[in-house]
Number of protein chains: 2
Amino acid sequence: MSEIACNLEDGGCYCLLSDVMDLLGRKYVMDLVCIVAIHERVRFGEIESHLPDASTSTLSTRLDELEAAGLLRREQYDEIPPRVEYELTEDGEELGQRLEPLLEWAEAFEAE
Amino acid sequence: MSEIACNLEDGGCYCLLSDVMDLLGRKYVMDLVCIVAIHERVRFGEIESHLPDASTSTLSTRLDELEAAGLLRREQYDEIPPRVEYELTEDGEELGQRLEPLLEWAEAFEAE
DNA sequence: CCGTATCCCAAATGATACTG
DNA sequence: CAGTATCATTTGGGATACGG
């Protein structure tokens, strides 16, 4: 991993050698990027409500991975009851923009 | 499945409800799209040589799925030894173009 | 409220051998 | 050459219960 994401020159394209693309392919990840992008700042509970099929643990793991990748920022407020908010980093927003044309295409394609 | 690919209006984004996005997330699929896009027409053996980590059976399955999705066209020549060539359909090429900005971003991001 | 820890299950991929 | 069939294995994800 951590190799070249997509080397078009040598006739190959090793997208999966890229950690990010690997992460993107995991369940709910693109959804999460979209959801956070739309809300700008959003709490865990609300994210969960938008993805009722995802289990708490899976969602938590995905959010951790996105944070570790530097695409998501997690802010915790020491209140009672506790509050946590997520937002995209600059890189995360850039990703969101690159993702959009693809998702639009997918939606249109599916509707055929 | 076969639902809306990415519904941005209601604050959700159910990318995974889309069969195509689901397919795209499978191993080697984005690579396959890239490889075929670059070669225009390419034989099974050459695809395999570009993805040495993928097993024959997995590659075969992925190619079938891409064909079933209407993104890839398979042409078989009744020669001996047999020859098969793959190429993208129009939809497949459209996908490839939508994929490109994302993969470029991934490559740059990984290089950080 | 926002998770983590644990255990379990299903899906996805790999390895290999064989065939038209 | 271009796969298919079969079997083994890994990996990912779900359910649930509990903790700060």
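Quick note on labels: first sequence line is chain A, next is B, and so on, each numbered from 1.
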For A:Glu40, enumerate each residue passing the side chain to side chain donor-acceptor pair (under 3.5 Å) test, keeping only those at least two apart in sequence or located in another chain.
none
Residues two or more places apart in sequence or in another chain: which of them pass side chain to side chain contact (heavy atoms under 4.5 Å, CB included) with B:Ala54?
B:Tyr28, B:Leu51, B:Leu59
With A:Glu112 via salt bridge (charged side-chain N to carboxylate O under 4.0 Å, His left out) - residues at least two apart
none
Pairing residues for B:Ser55 by the side chain to side chain contact (heavy atoms under 4.5 Å, CB included) criterion, not counting sequence neighbours
B:Ser57, B:Thr58
For a 4.5 angstrom cut-off between non-hydrogen side-chain atoms, does A:Leu66 reach A:Leu88?
no
More 5' along DNA chain D: A:Pro82 or A:Ala54, using each one's nearest nucleotide?
A:Ala54
5' to 3' contact window, DNA chain C with chain A (heavy-atom distance under 4.0 Å):
C:dC1 to C:dA5
Nucleic acid contacts of residues 73-81 of chain A, taken as heavy-atom distances under 4.0 Å to DNA chain C:
A:Arg74, A:Pro81
Please name all residues satisfying ring pair (Phe, Tyr, Trp, His ring centres under 6.0 Å) with A:Phe44, sequence neighbours left out, ordered by chain then number.
none
If you fit an axis to the five pairs at each end of the helix from C:dC1-D:dG20 to C:dG20-D:dC1, how big is the angle between those two axes, to 10 degrees?
60°
Among residues at least two apart in sequence or on other chains, which ones pass salt bridge (charged side-chain N to carboxylate O under 4.0 Å, His left out) with B:Glu79?
B:Arg83
Between atom CG of A:Leu99 and atom SG of A:Cys34, what is the distance when rounded to the nearest 0.5 Å?
5.5 Å
Which value, rounded to the nearest 0.5 Å, describes the distance between B:Glu107 atom CD and B:Glu110 atom CD?
9.5 Å
For DNA chain D, find the residues of residues 57-65 of chain A with a heavy-atom distance under 4.0 Å and give them by number; none if there aren't any.
A:Ser57, A:Thr58, A:Arg62
Using 4.0 Å as the upper bound for N to carboxylate O, is an ion pair formed by A:Arg43 and A:Glu46?
no
Can you name the residues that form a side chain to side chain contact (heavy atoms under 4.5 Å, CB included) with B:Arg73, not counting sequence neighbours?
B:Glu87, B:Thr89
Quick check for you: name the first and last nucleotides of DNA chain D, 5' to 3', having an atom under 4.0 Å from a heavy atom of chain B.
D:dC1 to D:dA5
Flag if over 12 foreign heavy atoms under 6.0 Å of CD, A:Glu90
no
Looking only at non-hydrogen atoms, find the nearest pair between B:Asp91 and A:Trp105 and report the distance.
O-CZ2, 3.8 Å
When you measure from the side chain of A:Arg98 to the backbone N and O of B:Pro101, does any donor-acceptor pair fall under 3.5 Å?
yes
When you check the gap from the basic side-chain N to the acidic O, do B:Asp22 and B:Arg26 get nearer than 4.0 Å?
yes
